[in-house]
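The structure under discussion appears below in the form of structure tokens.
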Amino acid sequence: MNVLVLNASYEPLHKVDVRHAVRMLVRGVAVVEEAVEGRRIGHFPLPRVLRLVRYVTMRWRYGRGPAWTKHGLRRRDGGRCGYCEAWADTVDHIVPRSRGGATSWENTVLACGPCNGRKGDRTPAEAGMRLLIVPRVPRWNELVG
């Protein structure tokens, strides 16, 4: 189970595991905002959401977009194939890596196995396939929540 960590201003920062969350509570850097009903760890309620006691400046969040990750790609695309909207479990490079395509937000979408196999080592236009989404860099709050 992951615990959402909010800044002192209630902005979502990131998620941590329960052990890390309890350490934050013990050190006094966070307080429980929402807990699992009827469950405790020691004398602390089992947290779902923590809020930091002091505001943390998030310059890293405003300087540039988030780094590409497969987990982030799943969050951005909602777990759906960019070609047929079926449940997707593979990453497809719009411009294939063999042709110099980068692993970036603008060049990747999720794809189901059949669509990824059909597209192969071609661009969507060459494969006669149409992208149903516009690849883009997601906002931070899309990846945290």
Side-chain angles (χ1 to χ4, degrees), residues 1-27 29-41 44-52 55-145:
M1 181 175 121
N2 285 328
V3 178
L4 177 63
V5 178
L6 304 175
N7 208 340
S9 60
Y10 292 91
E11 296 171 289
L13 285 176
H14 58 277
K15 289 185 178 181
V16 296
D17 61 27
V18 174
R19 291 182 65 191
H20 189 153
V22 171
R23 286 193 303 265
M24 292 172 73
L25 290 170
V26 169
R27 289 190 340 252
V29 298
V31 294
V32 177
E33 279 295 316
E34 183 180 319
V36 176
E37 189 71 32
R39 299 211 32 215
R40 300 184 75 72
I41 295 180
F44 296 108
L46 180 63
R48 279 188 197 184
V49 180
L50 293 180
R51 181 178 49 83
L52 297 179
Y55 182 80
V56 174
T57 304
M58 301 182 302
R59 282 187 214 129
W60 54 271
R61 204 176 247 201
Y62 301 111
R64 59 187 172 124
W68 185 93
T69 63
K70 188 173 183 179
H71 176 75
L73 186 65
R74 279 194 183 110
R75 298 282 306 223
R76 182 196 75 181
D77 293 355
R80 300 291 178 186
C81 177
Y83 299 102
C84 71
E85 294 186 335
W87 187 252
D89 55 358
T90 61
V91 174
D92 178 59
H93 289 75
I94 298 163
V95 175
R97 287 190 300 177
S98 63
R99 297 187 187 186
T103 301
S104 66
W105 293 112
E106 294 89 353
N107 192 48
T108 55
V109 293
L110 283 182
C112 63
C115 286
N116 206 356
R118 180 176 153 211
K119 181 179 166 287
D121 195 25
R122 302 177 287 179
T123 65
E126 292 169 346
M129 299 171 76
R130 187 173 64 98
L131 267 173
L132 302 176
I133 65 166
V134 177
R136 61 180 174 72
V137 177
R139 295 182 307 274
W140 283 103
N141 61 347
E142 293 177 84
L143 302 180
V144 174

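Values in this document were obtained by computation on a predicted structure and should not be read as measured data. Every heavy atom of this structure was used, including side-chain atoms; hydrogens, water molecules and symmetry mates were not. We count residues from 1, following the sequence as given.
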Inset, instruction - Could you check if a side-chain atom of C115 sits within less than 4.5 angstrom of a side-chain atom of M129, using non-hydrogen atoms only? - result: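 A side-chain contact exists here, since the closest heavy-atom pair is under 4.5 Å.
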Legend entry - Sidechain-backbone polar pair: T108 side chain, T103 backbone, donor-acceptor under 3.5 Å: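 No, because the side chain of T108 does not come within donor-acceptor range (under 3.5 Å) of the backbone of T103.
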Legend entry - Heavy atoms from other residues, nucleotides or ligands near CZ of R130 exceed 12 (cutoff 6.0 Å):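 At most 12 heavy atoms, drawn from other residues, nucleotides or ligands, come within 6.0 Å of this atom.
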My understanding is that only residues two or more places apart in sequence, or in another chain, count here; which of them pass side chain to side chain contact (heavy atoms under 4.5 Å, CB included) with [X]?
X: I133; answer: R76, D77, V109
X: A21; answer: V3, V16, P47, L50
X: R139; answer: N141, E142

Legend entry - Partner residues of E106 under the salt bridge (Lys or Arg N to Asp or Glu O under 4.0 Å) criterion, sequence neighbours left out: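 Checked E106 against salt bridge (Lys or Arg N to Asp or Glu O under 4.0 Å); zero matches.
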Which heavy atom in [X] sits nearest to a heavy atom in [Y], and how many Å separate them?
X: I94; Y: P135; result: CD1-CG, 3.2 Å
X: G78; Y: W87; result: O-CZ3, 4.3 Å
X: L110; Y: R80; result: CB-O, 3.6 Å
X: A111; Y: C81; result: CA-SG, 3.7 Å
X: M24; Y: V5; result: CE-CG1, 4.0 Å
X: P66; Y: P138; result: CD-O, 3.5 Å

Inset, instruction - Check the pair Y83, L132 against side chain to side chain contact (heavy atoms under 4.5 Å, CB included), reporting the backbone distance first and the verdict last. - result: CA-CA 6 Å; Y83 299 102; L132 302 176; 5.8 Å; no
Legend entry - Approximate separation, where rounding is to 0.5 Å, of N2 CG and D17 CG: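 N2 atom CG to D17 atom CG measures 7.0 Å (nearest 0.5 Å).
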Legend entry - Euclidean distance, D121 CG relative to H93 NE2, rounded to 0.5 Å: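 With rounding to 0.5 Å, NE2 (H93) is 11.5 Å from CG (D121).
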Inset, instruction - Would you list the pairs meeting salt bridge (charged side-chain N to carboxylate O under 4.0 Å, His left out) in which at least one residue belongs to residues 81-103, sequence neighbours left out? - result: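 Of all non-adjacent pairs touching residues 81-103, those that pass salt bridge (charged side-chain N to carboxylate O under 4.0 Å, His left out) are D92-K119, R99-E126.
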Ignoring hydrogens and angles, write down the donor-acceptor pairs under 3.5 Å from the side chains of residues 31-41, residues two or more places apart or on other chains.
from	atom 1	to	atom 2	distance (Å)
E33	OE2	R51	NE	2.7
E33	OE2	R51	NH2	3.4
R40	NH2	H43	O	2.6

